[in-house]
Amino acid sequence: MQWQGWFSLALTASVLITLVSSRIRPHLVMMAALSLLSIAGILSPADALAGFGNSGLITVAAMFVVAAGMHASGAADLLIDRVLGNPASERGALARLFTPVVVLSAFLNNTPVVATLIPAVHSWSRRIGIAPSKLMIPLSYCAILGGTLTLIGTSTNLIVNAQYQTLTGSPGFSLFAITAVGLPVALGGLAFMWLFFPHWLPSREPESAFANLREFTLEVAIDPNGPLVGRSVEQAGLRHLKRVYLVEIERDGAVVTAVSSEEPLQGGDRLVFAGDTEAITDLLRIKGIVPSAENAAAEVLQQQRPERCLVEAVVSPHCAAIGLAIRDARFRERYGAVVLAVARHGERIRGNLSTISLQAGDTLLLEARPAFVTRQRYNRDFLLISDMGAETPRHGQATIAWAILITVIGAASIGFISMLNAALLGAGLMLASGCCSVSQAEKSLDLNVIITIAASFALGTALEKTGVAAFLAEHIILLSQDSDWLLLVLTYVTVSLLTEVITNNAAAILMLPIVLQITQMSGLNSEPFVFAIMMAASASFATPLGYQTNLMVYGPGNYHFADFLRVGVPMNLVTGALTIGVLLLGWPLR
């Protein structure tokens, strides 16, 4: 290789190390790599930016809008209501859950599918008397397996197909080309869950970690004749308390939420604090603060008020507040909400609330204004936002949304129009029919994912053009000792391991040029190897951080990290073995 190749190889290694070991967001890392490749002259401007105009990427973006229409119209709820029913056992519940989740995930991005179904499945579990912990991991795993059934089931499949077309000049794969692999693997995975998960998954009480508001809220009052009347919250010394945090003020029957530091205090104000309830003695030492006549902060928060609502939100791996203490994250100013409590691994974190450093997967109990849920539902800082005690509103366009989705799938599957045009048509019809608003469509576009995918194409192109892919392919071929089946296994295992530590799209895009070089040098059929990449990049079960739907069910299922290891590692092994077996039996390697 020339210096361009060594530069690209070193850059790829740096990207992988950065993604694994730092909290820098993937889209920033990939854009930095793209910039360096362009500045160094390794890629022309056209090659560096080709990913942003890739048809696969545009298809992914359009399918986000289609999924938003299905989500906003209540179309998923329509299917759930018709199928779930009243099973008598855990295995019966799993059998009823499998079909709707797999069907939806086969044609929609599984993130909005799981986000839509979590509250529905949670409510259903209470109705049939089965702990949510028995159903939430299967919900996520079903969505992952469903995504492997079609080319539009996951963004990874679409992107791999698009890059395959670019690198080989071939027409690519049809909508159901991967179904021959995904269907037997999905059926095997579902059977494995049905047989073993009722025994392996814990049965934990369905109560939220925030069920008892008395444990972390307290109330005091402002003495009408005391020195704090007329002073602001800041001047009264109530903004930077160490053990508690001011949540709201109840005044003359109204509620002041997300209280500003400049808010003046009035005599008789009832102040609700969150944090260490034992700190009430510290508050009462402040001159001008007296015990509340009712001292019922929990009851105050639970009262229905038009000014505010209680919200549970799961922190996304992309949240800007990760690694920061709640006070330093300026949560109130950033999101217009106040953190009442934080749960991690299904248990509430006690102690000084303002000093808790947020982590991906933390479940937050927030007090927010009603507009918060609508405004933040598609915000990528949170993977799940649910208005506590309130059902997601259903809209009359559910049937229309289903008709649009079926039309799009049918048109693409028979080759009447391309997948790109089918997705664009579906997105346009969702907007035109009112299944989702323009605002909802805009918010559904995950720009971080789109930028990551587009920028990843540049790195993949550099690996192919500079000879790095051929260099790595030669050494992998030597390692396999000319064994075709071992090359297939190595491909699957490598992508599977990369998926656990970096994004699944990036793992697939980086590996595809190398794998195509391997098949070309060895005279192998590239199709089973491409399918192995698609399957390995999607089948991530072992940890809650490996796939975002796993993280979404982490809190609602009241799981511990070990719960995912207990069931996820065997699922990884089963799906891996099934995938390799199906590919070896169904496709000639030469």
Side-chain angles (χ1 to χ4, degrees), residues 55-83 100-121 139 143 146-147 149-155 157-158 175 373-380 382-387 391-413 416-450 548-549 552:
S55 62
L57 182 68
I58 306 304
T59 306
V60 169
M63 288 306 298
F64 276 134
V65 178
V66 173
M70 294 291 291
H71 173 79
S73 66
D77 293 321
L78 185 66
L79 179 62
I80 288 292
D81 289 343
R82 302 281 175 87
V83 176
V101 178
V102 168
V103 168
L104 286 169
S105 299
F107 303 105
L108 298 172
N109 184 282
N110 48 26
T111 300
V113 169
V114 173
T116 300
L117 296 187
I118 282 175
V121 172
L139 169 62
L149 293 180
T150 68
L151 209 62
I152 61 173
T154 68
S155 59
N157 291 353
L158 281 168
L175 179 63
V373 174
T374 303
R375 188 171 64 250
Q376 300 292 341
R377 185 175 295 279
Y378 292 100
N379 188 307
R380 297 304 161 180
F382 305 111
L383 288 175
L384 168 69
I385 299 177
S386 59
D387 192 355
E391 293 294 329
T392 302
R394 299 184 182 182
H395 308 284
Q397 292 92 343
T399 304
I400 297 174
W402 271 110
I404 292 171
L405 180 64
I406 292 170
T407 300
V408 167
I409 294 167
S413 62
F416 181 70
I417 55 177
S418 67
M419 274 184 288
L420 170 62
N421 290 331
L424 291 173
L425 176 63
L429 289 174
M430 287 292 183
L431 288 168
S433 64
C435 291
C436 69
S437 66
V438 173
S439 175
Q440 288 170 326
E442 290 173 346
K443 292 175 181 177
S444 73
L445 296 174
D446 192 336
L447 292 181
N448 289 349
V449 170
I450 291 172
Q548 57 187 356
T549 59
M552 292 169 69

Q: Starting at CD1 of I409, measure out to CG of L108 and round the result to the nearest 0.5 Å.
A: 7.0 Å
(Q) Minimum heavy-atom separation for A61 and I450, please, with both atom names. (A) CB-CD1, 4.0 Å
Q.
Using every non-hydrogen atom in the two residues, find where L431 and A441 come nearest and quote the distance to one decimal.
A. CD2-CB, 3.7 Å
(Q) Let's go through M70 and M430 carefully: what are the C-alpha distance in whole Å and the side-chain angles of both, what is the deciding distance for side chain to side chain contact (heavy atoms under 4.5 Å, CB included) to 0.1 Å, and is it a yes or a no? (A) CA-CA 8 Å; M70 294 291 291; M430 287 292 183; 4.0 Å; yes
Q) Does the side chain to side chain contact (heavy atoms under 4.5 Å, CB included) test come out yes or no for V66 and V408, once each step is laid out? A) CA-CA 10 Å; V66 173; V408 167; 5.5 Å; no
(Q) Has T150 got a side-chain atom pairing as donor or acceptor with L175's backbone, closer than 3.5 angstrom? (A) no
Q | L405 CG to S73 OG distance, which is reported to the nearest 0.5 Å | A | 10.0 Å
(Q) Quick check for you: to the nearest 0.5 Å, what is the distance between I406 atom CD1 and F107 atom CZ? (A) 9.5 Å
Q | Closest non-hydrogen atom pair between A412 and A422, with its separation | A | CB-CB, 3.9 Å
Q. At what distance, to the nearest 0.5 angstrom, does CD1 of I152 lie from CE of M419?
A. 8.0 Å
Q.
Tell me the closest heavy-atom pair linking G147 and T154, and the distance in Å.
A. O-CG2, 3.5 Å
**Q.** Nearest non-hydrogen partners of I400 and C435, listed with the distance
**A.** CG2-SG, 4.0 Å
Q) Quick one: CG on L424 to CD1 on I417, what's the gap to the nearest 0.5 Å? A) 9.0 Å
Q.
Please report the interatomic distance CG(L420) to OG1(T59), rounded to the nearest 0.5 Å.
A. 4.0 Å
Q. Which pair of heavy atoms, one from C436 and one from V65, lies closest together, and at what distance?
A. SG-O, 4.2 Å
